[in-house]
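Read the structure below first, then the notes.
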Amino acid sequence: MGFSMVGSLGSQILVRNCHQRKLKFESFAHGRKHTMDFNFAKLRSHPAKILLSKKRDAIEFEERTSPNEVRKEIEQCYELIHRLGRGAVYLGSSRMGPGHSHYLQTLELAREIATLLDCTSWTGVGPGLMDAATKGALQAGKPVGGFKIGKEAGEWTASNFHPYLPSETYLTCRFFSARKHGLVDAAVRSSISDRTAVVALPGGIGTLDEVFEILALIQLERIGSELPVPFLLMNYNSFYSKLLDFLDDCEGWATVSKGEVASLWTVCDNNSEALAYLAEFYDLPLSDKGRRETELQSTRGAVSS
C-alpha cells in the first residue's frame, strides 16, 4: 500500500507518505499532538476501509487493492451502455437547481434533443442540470441512463440510489476513471445509424474537467469513435464567454493553433441554435416548434445586426 493524504476534521490531521502496511495519523488539536496507528493485514479479499469521524463529520476512504476493481467497474459501464444504447451525453453543474433559468433551458433542450435524435440520454445522474436533462428526456418518453458518483459537489451523497430512476438504468461508480470511460463511450458512434452528441452545459470544476478531457480526446483522435461526434458548448447567458476569450488568447500565445479549438466544438447561445445544428448534422427535420424557434432567433439576429 502506498498513498499520502492530508485532511481536516475540525483539528488538523496529517497523513505522511506511506509505503508500508502501517499507516500513521498525526492530529494537532488544542496545542497537543495525538498519534493514531493503523495496521493492515498482509492478505485482504476486499478493499480496506478507514473511517475518520469527529462529531458531525464522517468520511470513508476506500483503498484500491487491485487494478481489477477499476477494470471491473469499467466493464459494468460498457455493459450498461450496450443494454440502453448510446446517445446524447450531458455534462453540467450539480448546483443549478429547479429555480435557475439554466435548469429550465436544459430540461427543454434535453426533451427536444431526445425527440430529434430518438436516442438515449446520458448524465451523471446527479442533481442540478443533470437532473434537468434526465427529466427532459423522460418527458420525451425516451430512455435515460447514467453513471452516478458517490459524491457530488457541495454535498456527501447519503445514498447510492437515485430518487426516481429504476436501479437498472444507472451505475453508481466508486472510481472517477470508470465513470469517465462510461460518459465518453456513451457518445461514441460506431455506425451511421448512431445519433449521439456531447452537450456541455454551464458548470464548475467537475464539468470543466469532463469538457476538456473529451475535447482533448477529440483533438487527438483518441475518443474511439469511427464517425464524428457533435460537441455542443451551451453558452447560456454568455456563461462561457470569458473561457472562450481565454482560449482565443491561447492562440496568441501559440499554445493552440489558430482556429483549432473552434474546429472541435460548436458554441450555441441558445437551444434553437443547438437543435438547428444537430438537425443539420444528422440531416433530420426539425419539429414544428424547433423550426419556429429557429426562425424567430434568425429574425432577432437580423434585426440586432
Within the side chain of [X], is there an N or O that forms a donor-acceptor pair under 3.5 Å with the backbone of [Y]?
X	Y	answer
Tyr240	Leu233	no
Glu273	Asp269	yes
Tyr170	Trp122	no
Asp131	Gly97	no
Ser94	Gly126	no
Asp194	Ser190	yes
Ser93	Leu129	no
Gln105	Asn271	no

Which atoms form the tightest heavy-atom contact between [X] and [Y], and what is the distance?
X	Y	value
Asn237	Ser101	OD1-OG, 4.1 Å
Leu232	Ala274	CD2-CB, 3.4 Å
Asn235	Phe239	OD1-N, 3.1 Å
Cys119	Arg195	CB-O, 3.6 Å
Ala137	Ser121	CB-OG, 3.3 Å
Ile81	Ala186	CD1-N, 3.6 Å

ask   = Taking only residues two or more places apart in sequence or in another chain, which ones pass side-chain hydrogen bond (donor to acceptor under 3.5 Å, both in side chains) with Thr134?
value =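 For Thr134 the side-chain hydrogen bond (donor to acceptor under 3.5 Å, both in side chains) partners, ignoring immediate neighbours, are Thr123.
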
Would you give the length of the straight line joining atom [atom1] of [X] to atom [atom2] of [Y], rounded to the nearest 0.5 angstrom?
X	Y	atom1	atom2	answer
Cys173	Lys180	SG	NZ	12.0 Å
Glu75	His181	CD	NE2	11.5 Å
Glu213	Ile223	CD	CD1	9.5 Å
Phe212	Leu243	CZ	CG	4.5 Å
Tyr277	Cys268	OH	SG	8.5 Å
Glu79	Lys72	CD	NZ	10.0 Å

Sole residue of Leu278, Thr266, Leu117 in side-chain contact (heavy atoms from CB on, under 4.5 Å) with Pro230 =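 That would be Leu278.
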
Can you tell if the side chain of [X] reaches within under 4.5 Å of the side chain of [Y], non-hydrogen atoms only?
X	Y	value
Asp118	Lys142	yes
Ile218	Leu215	no
Thr106	Tyr236	yes
Leu80	Gln76	no
Leu275	Ile113	yes
Leu227	Thr196	no
Tyr90	Leu183	no
Arg179	Glu210	yes

task = Run the numbers on Val261 and Glu251 for side chain to side chain contact (heavy atoms under 4.5 Å, CB included), then give the verdict.
result = CA-CA 9 Å; Val261 176; Glu251 292 184 2; 5.6 Å; no

Near [X] [atom1], under 6.0 Å, is it more than 12 heavy atoms from other residues, nucleotides or ligands?
X	atom1	result
Glu280	CD	no
Ile205	CD1	no
Glu168	CD	yes
Tyr164	OH	yes

query = Going through the distances and angles, do Glu69 and Arg174 end up as a salt bridge (Lys or Arg N to Asp or Glu O under 4.0 Å)?
reply = CA-CA 9 Å; Glu69 295 179 47; Arg174 289 174 54 206; 3.0 Å; yes

ask   = Which is it for Leu201 and Thr207 under the side chain to side chain contact (heavy atoms under 4.5 Å, CB included) test, yes or no, and what are the steps along the way?
value = CA-CA 8 Å; Leu201 302 158; Thr207 300; over 6 Å; no

key: Leu220 with Phe231, same ILVMFWY side-chain cluster at under 4.5 Å   =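 Each belongs to a different hydrophobic cluster.
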
message = In this structure, would Val188 and Val198 fall into the same cluster of hydrophobic residues linked by side-chain contacts under 4.5 Å?
response =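 No, separate clusters.
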
task = Carefully, step by step, assess Asp209 and Phe176 under the rule side chain to side chain contact (heavy atoms under 4.5 Å, CB included).
result = CA-CA 11 Å; Asp209 170 45; Phe176 263 106; 5.8 Å; no

ask   = Which class fits the ring pair His100 and His102: parallel under 30°, tilted 30 to 60°, perpendicular over 60°?
value =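 His100 and His102: tilted rings.
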
key: Candidate pair Glu73 and Phe147, rule side chain to side chain contact (heavy atoms under 4.5 Å, CB included), full reasoning   = CA-CA 11 Å; Glu73 194 163 275; Phe147 304 101; over 6 Å; no

